[in-house]
Amino acid sequence: MKRFIFIAALCFAFTFFVSSNFAFATASGPKLFKEYYCINCHTLGHEGGTVGPGLSNVGKTKSLSWIKDQILNPAMHFIMGKKSEINGKVYFIRMPGFKKTIPPAAVDRLAAYIKSFPFERANLAYPKLPAGLALFRDDNCIACHRIDGVGGKVGPNLSHIGKTKSLSWIETQIVDPKVHFTYGVPVTVNGHTYLVIMPAFKDISASQLDTIARYLKSLK
Ligand code: HEC
Ligand code: HEC
């Protein structure tokens, strides 16, 4: 009996150990990048803050271990109390070190994520983005809509909008959504319910409207 209890306790402890580490062991790079607030200061790909330098191209010139050091102890690379200049931009805010807050396995994962970042694609980063996608960002459509996983959830995902909607339908939706949806009323699109609140972009220029609508129409 004693032995049974001992084994049961061992099993329990082991399960607990595994499951408590599970979150860190499986959290993906993008998730960790958000969880540890990197995204508040840094842009990676098309999303993030500008307090610190953009990281989409860091992996091109910096080694994996350099990036790990930067996360754990930025003072190794940037002198405290001095402004730093990166790619021609001056940064006043010092990056905090994460030695005490991020478990080693998560640091590895984060560094690998930044290092492996597909900078060819990220290089399309503004202003080399497809013109329609740049406008989608500029006009803040992205605050409410997602394309390929990036953006808000206030409105429907637009990653495949071109499959079902015509060019003129999309144009009308942008300049006068009330033609399609009754303002203030819930609507269900692809199984998700949204409150109809999309603003009418009445002042958008004809050429911008054309660019953005054609871009959305191309998303199949
Ligand atoms: C409070 C804002 C802030 C947070 C949060 C932050 N950083 Fe930074 N980061 C900076 C600043 C500012 C710099 C520029 C160096 C300096 O001045 O310390 C920098 C530099 C870097 C660099 C070097 C960039 C280059 O081109 O040399 C990397 C890599 C980096 N940060 C990764 C991260 C990661 C990963 C996280 C999350 C764990 C993170 N940062 C969190 C502000 C921040
Ligand atoms: C404040 C949030 C918000 C902003 C900003 C916004 N939308 Fe919307 N959008 C919505 C919501 C909510 C809907 C659902 C119907 C409605 O409200 O008209 C919608 C619907 C759509 C649809 C139809 C989706 C479908 O599957 O039927 C398209 C296309 C669209 N928006 C494009 C855009 C574009 C392009 C922009 C930027 C110029 C934009 N939206 C800006 C919230 C927004």
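Predicted model only: the values in this text are computed from it and were never measured. We count ligands from 1, going down the list as the structure has it; atoms in each ligand are counted the same way.
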How does I102 reach ligand 1, by side chain, by backbone, by both or by neither, if only non-hydrogen atoms under 4.0 Å count?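 Contact part for I102 vs ligand 1: side chain (C-beta onward).
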The answer for which part of I114 has a heavy atom under 4.0 Å from ligand 1 is side chain
Min side-chain heavy-atom separation L44-Y113 under 4.5 Å: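 Yes, at least one pair of side-chain atoms sits under 4.5 Å.
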M95, any N or O under 3.5 Å of ligand 1 N or O: yes
Close approach of W169 to ligand 2, heavy atoms, under 4.0 angstrom: yes
Would you check whether L195 reaches within less than 4.0 Å of ligand 2, judged by its heavy atoms? yes
2.8 Å cut-off met by an N, O or S atom of Q70 to atom 8 (Fe) of ligand 1: no
May I ask you to check if any N/O/S atom from H42 comes under 2.8 Å of atom 8 (Fe) of ligand 1? yes
Counting non-hydrogen protein atoms only, what is the nearest one to [atom]? Give residue, atom name and distance.
| atom | answer |
| --- | --- |
| atom 12 (C) of ligand 1 | I93 O, 2.9 Å |
| atom 13 (C) of ligand 1 | P53 CD, 3.4 Å |
| atom 41 (C) of ligand 1 | F98 CE1, 3.5 Å |

Under a 4.0 angstrom heavy-atom cut-off, which atoms of ligand 1 come close to [X]?
| X | result |
| --- | --- |
| C38 | 34 (C), 35 (C), 36 (C), 37 (C), 38 (C), 39 (C), 41 (C) |
| I71 | 35 (C) |
| Y37 | 5 (C) |

Using a plain distance cutoff, I'd like to know if [X] has any nitrogen or oxygen under 3.5 Å from a nitrogen or oxygen of ligand 2.
| X | value |
| --- | --- |
| Y194 | no |
| L216 | no |
| I197 | yes |

Should the pair H145 and F136 be assigned to parallel (<30°), tilted (30 to 60°) or perpendicular (>60°) ring geometry?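 Tilted, since the angle between the ring planes falls between 30° and 60°.
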Which of the atoms of ligand 2 are close to V154, meaning less than 4.0 Å from one of its heavy atoms?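 The list of qualifying atoms is 12 (C).
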Could you work out, for atom 4 (C) of ligand 2, the closest of C144, G155, G132 by heavy-atom distance? C144
Mark the output for N40 as yes if a heavy-atom distance to ligand 1 is under 4.0 Å, and as no if none is.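 No heavy atom of N40 comes that close to ligand 1.
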With carbon and hydrogen excluded and only N/O/S kept, which atom of H145 is nearest atom 8 (Fe) of ligand 2? NE2
